[in-house]
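Keep in mind that this is a model prediction, so the values were computed, not measured.
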Amino acid sequence: MTINQPRRVLIIGASRGIGFELVRQYLSEGWEVRATTRTPDHPGRLGKLSGDLTIHPLDVRDSEQLTLLARSVGHVDVAIHNAGVGLRIPRAEMMAVNADAPISAVEALLDAGAMAPGGKAVLVTSQMGARRGREGSLGDYGDSKAALNDEFRQRAPDWAARGLIAIVLHPGWVRTDMGGSSATLSVEASVAGIRELVAGLTESHHGRFWTWDGREHPW
Ligand SMILES: NC(=O)c1ccc[n+]([C@@H]2O[C@H](COP(=O)([O-])OP(=O)(O)OC[C@H]3O[C@@H](n4cnc5c(N)ncnc54)[C@H](OP(=O)(O)O)[C@@H]3O)[C@@H](O)[C@H]2O)c1
């Protein structure tokens with residue numbers, strides 16, 4: 001008889017939108033969930049979920065908080081960096097949150113030994129960061145996600161050597177605060193697709209750009 005060990009997932013940026021739904025669905029599947037929010041003292045809907053959930057404080061721009069998280073979270077099988085900012089945000093913050101923070105998070109988890117070989121890391125990007133050979137600016141948001149994609153491709157060989165399976169992911173155009181009410185995809189459907197993709201990730205997916213429904217996206 002095979003006994004399924006509980007699996008542990010870390011969701012970075014879990015207060016609402018796609019991140020919250022990731023927490024909800026992984027908990028309902030019996031996973032141990034470690035979730036971060038900037039406001040752990042006011043967890044809102046996160047605090048009402050049942051299951052094996054631990055909430056950690058993290059503003060993804062705060063390197064001390066990140067180091068503390070990486071050292072205290074324990075071993076994680078899957079880490080999803082979902083936190084992101086959209087419109088009407090100063091460009092510097094956009095870059096810090098969307099481009100720099102996901103890379104720093106993976107590095108911190110690896111350095112702390114929180115991810116063993118075979119661990120999976122998903123960095124949420126956007127199709128708006130796809131250059132597809134275009135020259136010039138993609139707008140602040142697109143530029144920030146393109147910068148994430150560029151840095152991800154630089155780091156991917158080293159991360160592979162350290163045993164990690166890492167991808168960047170476009171979650172679809174999703175009805176959240178960021179995506180707006182006209183978006184084509186429900187948050188439930190996006191997250192169900194993301195979870196299916198994550199479950200099937202192998203070394204052959206590493207270092208590439210995927211969509212929520214399992215299609216490869218051009219850079
Ligand atoms: N929705 C879409 O159509 C769409 C499309 C393409 C890509 N994406 C990407 O998908 C991800 C999730 O988007 P969403 O639609 O769920 O957005 P959302 O509803 O606006 O939620 C954004 C999340 O990021 C967190 N966050 C923002 N800045 C942070 C910081 N400095 N430190 C820690 N957490 C921070 C927010 O926390 P607070 O509650 O504390 O602000 C919130 O949990 C983002 O990376 C976004 O760029 C979304």
Side-chain angles (χ1 to χ4, degrees), residues 7-15 17-27 29 31-36 56 58 60 66 69-70 73 75-84 97-110 114-130 144-156 158-160 162-174 176 178-179 185 187-217 219:
R7 294 150 298 168
R8 186 178 291 168
V9 60
L10 170 65
I11 312 292
I12 294 180
S15 60
I18 295 166
F20 175 82
E21 182 63 14
L22 281 163
V23 173
R24 197 190 67 76
Q25 290 194 20
Y26 274 113
L27 281 175
E29 291 290 311
W31 284 58
E32 294 177 9
V33 181
R34 305 296 176 253
T36 79
H56 296 261
L58 182 65
V60 298
L66 176 62
L69 170 74
V73 72
H75 168 265
V76 294
D77 302 290
V78 175
I80 302 180
H81 192 289
N82 165 78
V97 174
N98 290 352
D100 302 338
I103 302 290
S104 301
V106 172
E107 292 286 353
L109 291 168
L110 286 171
M115 300 200 73
K120 301 172 182 179
V122 175
L123 283 56
V124 178
T125 183
S126 168
Q127 65 182 4
M128 293 175 76
S144 69
K145 295 292 191 178
L148 167 62
N149 293 354
D150 291 347
E151 190 59 30
F152 170 77
R153 294 169 82 184
Q154 292 283 329
R155 306 268 176 144
D158 176 55
W159 290 355
R162 297 167 83 176
L164 194 66
I165 298 170
I167 66 166
V168 284
L169 170 95
H170 170 60
W173 183 24
V174 188
T176 61
M178 188 186 296
L185 198 57
V187 72
E188 292 84 2
S190 169
V191 167
I194 293 168
R195 288 177 44 248
E196 191 177 334
L197 174 70
V198 169
L201 287 181
T202 66
E203 286 168 12
S204 67
H205 292 83
H206 175 77
R208 295 156 68 182
F209 184 176
W210 299 91
T211 62
W212 66 279
D213 52 353
R215 289 172 294 128
E216 187 161 14
H217 201 289
W219 295 107

Is there side-chain contact between [X] and [Y], with at least one heavy-atom pair below 4.5 Å?
X      : Y      : result
Leu185 : Trp173 : no
Lys120 : Asp77  : no
Leu148 : Asn98  : no
Thr36  : Leu10  : yes
Trp212 : Ile18  : no
Thr176 : Phe20  : no
Leu58  : Leu66  : yes
Leu197 : Ile167 : yes

Looking at Glu203, I'd like to know if its CD atom is crowded, meaning that more than 12 non-hydrogen atoms belonging to other residues, nucleotides or ligands lie closer than 6.0 Å. no
In terms of heavy-atom contacts, does CE of Met128 have more than 12 from other residues, nucleotides or ligands at under 6.0 Å? no
Quick one: pull up [atom1] in [X] and [atom2] in [Y] and give me the separation to the nearest 0.5 Å.
X      : Y      : atom1 : atom2 : result
Glu216 : Phe209 : CD    : CZ    : 10.0 Å
Lys145 : Asp150 : NZ    : CG    : 13.5 Å
Glu196 : Leu201 : CD    : CG    : 11.0 Å
His75  : Arg34  : NE2   : CZ    : 12.0 Å
Leu169 : Thr211 : CG    : OG1   : 7.5 Å
Leu123 : Asn149 : CG    : CG    : 9.0 Å

Inspect the contact between Arg195 and Glu21 and indicate whether a charged nitrogen and a carboxylate oxygen are less than 4.0 angstrom apart. no
Given the rule in the side chain to side chain contact (heavy atoms under 4.5 Å, CB included) test, do His81 and Val60 qualify, once you have shown the distances and angles that lead to the verdict? CA-CA 9 Å; His81 192 289; Val60 298; 3.7 Å; yes
Please find the pair of heavy atoms, one from [X] and one from [Y], that lie closest to each other, and give the distance.
X      : Y      : answer
Ser190 : Pro171 : OG-O, 2.8 Å
Ala130 : His217 : CB-CE1, 3.7 Å
Ala147 : Ala99  : CB-CB, 3.9 Å
Ala121 : Leu164 : CB-CD2, 4.0 Å
Arg7   : Trp31  : NH2-NE1, 3.1 Å
Ala108 : Ala70  : O-CB, 3.5 Å

Is there a donor-acceptor contact under 3.5 Å from the side chain of [X] to the main chain of [Y]?
X      : Y      : value
Arg8   : Val73  : yes
Asp213 : Gly193 : no
His206 : Ala166 : yes
Glu151 : Asp100 : no

Report the relative orientation of the aromatic rings in Phe152 and Trp159; use parallel for angles under 30°, tilted for 30 to 60°, perpendicular for over 60°. perpendicular
